[in-house]
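This report concerns only the one structure given below.
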Amino acid sequence: MYNEGCSDLSFQLAGTLNFNPMKNIFIYLSLIISVTSCIPDPLPLKIPQAESKIVVFSQIIPNRLMIISLTRSFSALDYSKNNGDTVSQNFLNSLVEDSALVTVNYDNRVDTLFNTVLGLYVSLNTLQSAGKSYTLRILTKKGEQIQSTTTIQQPVIFDSIQPKVYRNLKDTTVTIRVRFNDLVGANFYMINYYTNGKGRGIDFNNFFQNGSNILTRTDLVSDLELENGIYAKTIELPDLKGTDSLAVSVSNISEEYFQYLNQRKNSGKLVQQIFNEPINYRTNIVNGYGFFNAHYPDIRFFELGKY
Amino acid sequence: MIIEFSCNKLKQQSCIIPLGYFLILTAIIFMSSVNPAFAQNKITLSGYITDKKTGEALIFATVFIKNTNKAFNSNEYGFYSIDISPGAEAIISCTYIGYLPFEQKITATSSQALNIYLVNKDNNLAEVTVTSNNQKAHVEEAKAAGMGFVNISMKQIRNLPTIGGEMDILKVVQLMPGVVKGGEGQTGFFVRGGDADQNLILLDEATVYNPGHLFGFFSVFNPDVIKDLQLLKGAFPAQYGGRLSSVLDIKMKEGDNQNFHVEGGIGLLSSRLTVQGPIIKQKMSFLISGRRTYIDQVFKLVKVQLPYYFYDFNAKINYKISNKDRLYLSSYYGNDVLRIRDSQGDSAGTNLGFGFTLGNFTQTMRWNHIFNPKLFANFSFIHTSFQYNISGEVLDNKILIKSDVRDFGIKADFNYYRSSKVNIRYGLQSIMHTLRPNVISTKGEISNYLASKKGPTQQALENAIYGNIGFDKNVRWKFNAGLRVSNCFVKNKAYFGLEPRLVASYGLNKNDAIKFSYTRMYQYIHRVSSSSIALPTDLWYPVTAKVKPQNADQISLGYNNYLAKWGIKLTTEAWYKWMRNLVEYQPGSSLILNNNYEELLVQGKGQSYGLEFMAQKEEGRLNGWISYTLNYTKRDFTFNTGREVFWAKYDRRHNFNITGNYEITKRFTISAIWEYISGSRFTPIIGQYAQPNASLTEIEIIPIYSKRNAVRMSPTNRVDVNFVFKNKTTKKIKSEWYIGGYNITRAVTPYTIRIEPLNPNKPEAGYGYVQRGLFGFVFSIGWNFKF
């Protein structure tokens with residue numbers, strides 16, 4: 001452990017001595033305080049770390065592919081954002097789990113996802129059908145067995161969606177009117193608004209690269225909040241320009257995933273981690289972390305220059 | 001058992017109950033004013049016990065009739081009432097710590113007033129020999145039907161070492177058995193497994209919501225104005241309620257009604273000055289006291305900006321209207337002030353400023369009335385205000401965040417000394433709480449992101465009616481039984497609670513007794529703190545339709561003994577406390593400027609149990625105490641993430657201290673404290689993982705926390721010393737120098753666990769957990785004077 005030592009204050013104090021006796025008395029006393037009140041060296045403490053487990057992230061592009069990302073959790077002492085560490089690609093690469101056997105069971109069928117790069121496992125053949133349960137099984141080389149089950153909810157589609165752009169001399173205001181009908185039963189919805197802010201089309205091929213697509217907003221809505229079974233809202237999207245591209249998606253998600261996203265939304269940033277209550281996020285991964293989910297987003301694209 | 005009502009007609013309901021109490025009060029006053037024709041074969045001596053020189057009432061002094069087993073205590077105003085046989089000679093004795101004993105023969109044929117004047121031994125405990133009268137007083141205390149309390153003598157604690165030499169009564173409270181301290185140097189305390197908001201702190205009956213300056217490092221109580229303090233941890237008499245875990249009842253001095261006095265002190269961190277004296281000799285007196293830090297001025301001398309200071313102001317007027325009536329007006333005002341402004345000429349034009357004020361304001365008006373020699377009453381009107389303001393300014397943007405709590409209350413308390421064996425106390429209280437958390441005012445561009453809002457104003461009307469009977473069945477058995485019926489009205493909801501109280505004492509031998517108590521308490525307002533740290537800016541909330549009152553049942557079993565040969569009081573108590581409807585935040589709750597607190601709160605249960613031991617010597621050249629507490633405290637909550645049973649944050653298992661004063665000579669005293677306390681608990685991050693966010697635009701590092709409060713920090717092991725040098729006693733101006741050291745061994749008292757580089761010069765060395773302390777060795781020096 002390093003020795004923190006005394007503050008620079010004592011040296012500042014020493015430098016201001018002059019012939020004023022009262023002032024000197026105060027300064028001497030302050031010097032004594034500052035020197036003698038040096039904070040002692042901190043005490044080390046050993047705290048057992050959480051066992052390293054597999055972390056699952058899933059993404060489905062309907063009727064195209066199912067992607068499972070596998071990484072490993074790591075020690076609290078391996079990385080510290082509070083001390084200025086940054087999330088580099090090298091760091092992420094060191095976390096990937098790229099030698100596991102990953103399968104998806106559904107409808108008496110087992111699809112094996114093939115390993116691509118950086119811990120991404122892909123299936124091109126897994127049919128995604130609403131109402132069906134999918135069980136993800138992972139077997140690592142270390143013999144760890146990880147499992148999770150999710151059900152694809154009935155898809156929801158926009159009943160209507162219409163952006164409006166108000167342009168005046170000083171600025172531009174973008175709003176969008178969104179409407180969809182609640183489905184039968186208890187449902188939970190996620191609505192995402194994306195822009196790239198660069199006048200290009202939305203880049204959905206590079207999801208994992210920061211800066212490709214900027215999330216403007218995510219709304220999580222329980223059907224208990226809907227009036228008469230209809231979601232109809234006009235949303236203002238600040239900071240958008242009239243030349244930007246906009247993509248809006250709505251998905252019907254499971255209640256578990258809804259609660260998980262709510263937790264992430266409220267606690268994900270460093271500032272929130274400092275001021276918020278500690279929380280271990282929900283997981284539906286048995287013997288792991290993260291979340292395995294599948295949902296059908298209805299996505300609509302808009303070039304705002306046309307509105 | 002809580003009884004709930006939903007009040008659709010709140011206004012009607014909230015008027016009916018106080019009206020009912022008013023009618024009951026009127027009936028009580030009417031009945032009380034009738035002189036009861038009891039005990040024709042006894043007459044009553046009653047009066048006040050006061051300091052002969054200053055006229056200060058002496059609280060809980062012991063009066064007894066010599067050569068009998070009968071002993072009685074004066075009440076909080078120094079009033080006593082005892083029965084004697086008419087016509088027979090009785091020797092009335094009175095003792096009080098730090099005073100010469102009093103004795104007077106009296107042969108009375110009718111009830112009469114007998115005021116007792118005790119002579120002070122001038123703060124010199126060493127000169128107070130343990131007389132047989134003193135011993136009898138201590139024995140009576142050991143065998144009385146009361147337990148779970150500690151009377152703290154200001155004379156015994158004034159020389160004790162503290163941080164920076166600032167005498168702090170709350171730091172002394174933390175040295176008592178059953179009391180656990182929070183973070184190092186802070187004034188927060190936790191009693192028998194309770195939370196910090198479960199302590200009712202009263203200054204002349206007014207609630208003090210925030211008892212600490214500088215985020216809890218110094219208490220708001222100027223020791224020069226404090227006359228007496230009593231800490232109750234269990235077996236609460238029925239006149240106390242509203243908090244689950246403790247009552248710290250602090251009484252201010254009244255002011256010398258015979259001579260003017262000035263006293264004060266100059267220390268490294270603050271100075272204080274108290275002036276008291278008669279307005280009308282022996283009838284009306286005043287006391288004014290002020291204290292201010294000047295550490296900001298000290299640092300200004302060396303051109304270092306530290307724009308923080310705090311101040312306290314106490315004032316009291318005491319008026320003896322007649323032999324039967326006395327009026328007291330007391331007030332406290334204190335504030336913490338921080339003002340930072342960019343003083344570099346503002347060349348960047350940022351207009352940067354930040355400010356913070358936090359303070360209490362209390363006012364109490366009390367009227368004592370003696371209806372007859374057996375019936376003493378006190379009527380109080382109370383106002384308390386606690387508020388804080390945080391302001392910020394940059395460019396043309398301004399933000400002001402305010403929060404305040406305001407109480408208006410009335411109390412009527414009657415003390416009926418029915419006979420030498422039976423003492424009845426009863427009364428009623430009503431307090432209107434008005435709470436306004438998070439009032440936000442913004443100006444400029446910032447108002448686009450954070451709109452001004454008034455915040456919800458919440459009101460809660462808390463009432464209680466109570467009765468308590470103390471009776472001595474025989475020489476061995478003594479009882480104290482009471483009932484408090486409390487209620488609280490909030491918007492659309494009323495809660496009622498029955499709070500039985502019972503203490504039984506059985507005298508085993510001449511000097512000892514075993515005791516048992518049962519208490520139920522309700523709490524209708526609470527302060528919810530982060531699980532990491534409690535701050536004075538944490539918000540107070542009343543109960544609501546959703547958030548129910550906290551309540552607790554506590555039983556305790558104790559053994560008290562007075563070792564007359566050594567003048568040592570031994571107290572041993574074991575307790576068990578069940579707590580319900582305790583309040584915590586849901587995991588992941590955002591605590592910043594969040595008025596939607598109801599949705600964030602979750603209520604659960606708690607249990608605490610433990611064992612306390614104290615050996616205390618109050619008199620003699622060597623005096624002090626040894627205290628040990630073994631304490632277990634758990635919580636059981638069902639959060640939105642599932643059920644958790646966990647140790648409480650301040651489940652500090654062992655708590656041991658030795659506190660002592662030794663008078664080496666008449667002018668030189670050494671005092672010391674040695675403390676060993678098990679560490680408090682913490683919820684560290686023990687792992688992490690990477691996850692994209694839901695919209696796949698960013699990778700977030702997600703922390704993995706241990707089980708709640710799973711890790712215990714290292715224990716505290718600290719020694720403080722203080723040396724006091726007095727000037728010659730023949731001098732007119734009495735003064736003393738004190739030189740002290742806090743934490744003379746420079747031990748670390750951990751207050752947090754952080755992840756830090758093992759060696760900042762070698763990044764490859766990696767990270768480790770460290771526990772940081774706040775203070776090393778802190779030197780103090782100061783000068784106190786009195787004339």
Side-chain angles (χ1 to χ4, degrees), chain A residues 1-2 9 12-13 16 23 26-27 29-30 32-33 36-40 42-45 47 49-50 55 57 59 71 73-77 79-83 87 92 95 190 192 194 207-208 210 213-215 218 261 263-264 266-268 272-273 275-282 289-290, chain B residues 268 298 301-304 530-531 585-592 641 683-706 711 713-714 746-748 750 753 755-760 766-779 781:
Chain A
M1 290 288 147
Y2 61 95
L9 178 62
Q12 288 185 34
L13 290 168
T16 61
K23 187 174 172 180
F26 272 117
I27 290 168
L29 289 174
S30 303
I32 292 169
I33 296 172
T36 57
S37 68
C38 293
I39 299 171
L43 291 175
L45 185 67
I47 300 177
Q49 295 297 286
V55 183
F57 176 80
Q59 184 65 27
T71 55
S73 66
F74 51 98
S75 163
L77 305 179
Y79 165 91
S80 176
K81 203 163 184 178
N82 290 355
N83 286 285
V87 181
L92 293 175
L95 300 176
M190 174 176 68
N192 282 328
Y194 300 88
F207 282 127
F208 293 97
N210 287 342
N213 301 300
I214 303 165
L215 172 70
T218 296
L261 290 178
Q263 289 179 346
R264 290 281 307 271
N266 293 330
S267 312
Q272 291 162 326
Q273 285 173 25
F275 289 104
N276 288 11
E277 288 291 283
I279 181 170
N280 284 326
Y281 292 139
R282 284 177 177 273
Y289 298 110
Chain B
L268 284 179
V298 169
L301 291 174
V302 295
K303 296 184 175 45
V304 173
S530 154
S531 61
Y585 281 114
Q586 293 279 11
S589 295
S590 169
L591 307 183
I592 304 175
T641 50
T683 310
I685 295 174
I686 58 171
Q688 307 173 85
Y689 58 91
Q691 277 272 277
N693 60 8
S695 52
L696 310 175
T697 54
E698 197 180 9
I699 301 290
E700 291 172 352
I701 301 296
I702 311 293
I704 302 168
Y705 289 94
S706 70
V711 173
M713 291 196 269
S714 297
R746 284 186 78 237
V748 173
I753 295 176
I755 294 173
E756 292 183 3
L758 291 168
N759 188 334
Y767 296 107
Y769 290 102
V770 300
Q771 305 168 89
R772 289 203 165 271
L774 284 177
F775 300 105
F777 169 67
V778 181
F779 171 78
I781 185 169

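Only a predicted model underlies this, so the values are computations on that prediction, with no experimental measurement involved.
Rounding to the nearest 0.5 angstrom, the gap separating the CD1 atom in A/I47 from the CD1 atom in B/I685 is 10.5 Å. If you take CZ on A/R264 and CD on B/Q691, they are separated by 5.5 Å, rounding to the nearest 0.5 Å. From B/I686, atom CD1 reaches atom CG of A/L77 across 11.0 Å, with rounding to the nearest 0.5 Å.
Heavy atoms closer than 4.5 Å to chain B are found in the side chain of A/Y289, but not in its backbone. With a threshold of 4.5 angstrom between heavy atoms, A/T71 approaches chain B through side-chain atoms but not through N, CA, C or O. For chain A, the nearby parts of B/V748 are the backbone and the side chain; heavy atoms of each come within less than 4.5 Å. Of the two parts of A/L95, only the side chain, counted from C-beta on, holds a non-hydrogen atom closer than 4.5 Å to a non-hydrogen atom of chain B.
The minimum heavy-atom distance linking A/P42 with B/V770 is given by the pair CB-CB, 3.9 Å. Across all their heavy atoms, B/A747 and A/P40 have their closest contact at O-CG, 4.1 Å. Considering all non-hydrogen atoms of both residues, B/T641 and A/N280 come closest at CG2-O, 4.2 Å. Contact record, A/E277 with B/Q586: CB-O, 3.6 Å, taken as the closest heavy-atom pair. When all heavy atoms of A/F74 and B/Y689 are compared, the pair lying nearest together is CE2-CA, 3.8 Å. In plain terms, the two heavy atoms of B/I755 and A/A76 that are nearest each other are CD1-O, 3.6 Å.
Side-chain atoms of B/Q688 come within 3.5 Å of backbone atoms of A/S75 as a donor-acceptor pair (strictly under, hydrogens ignored).
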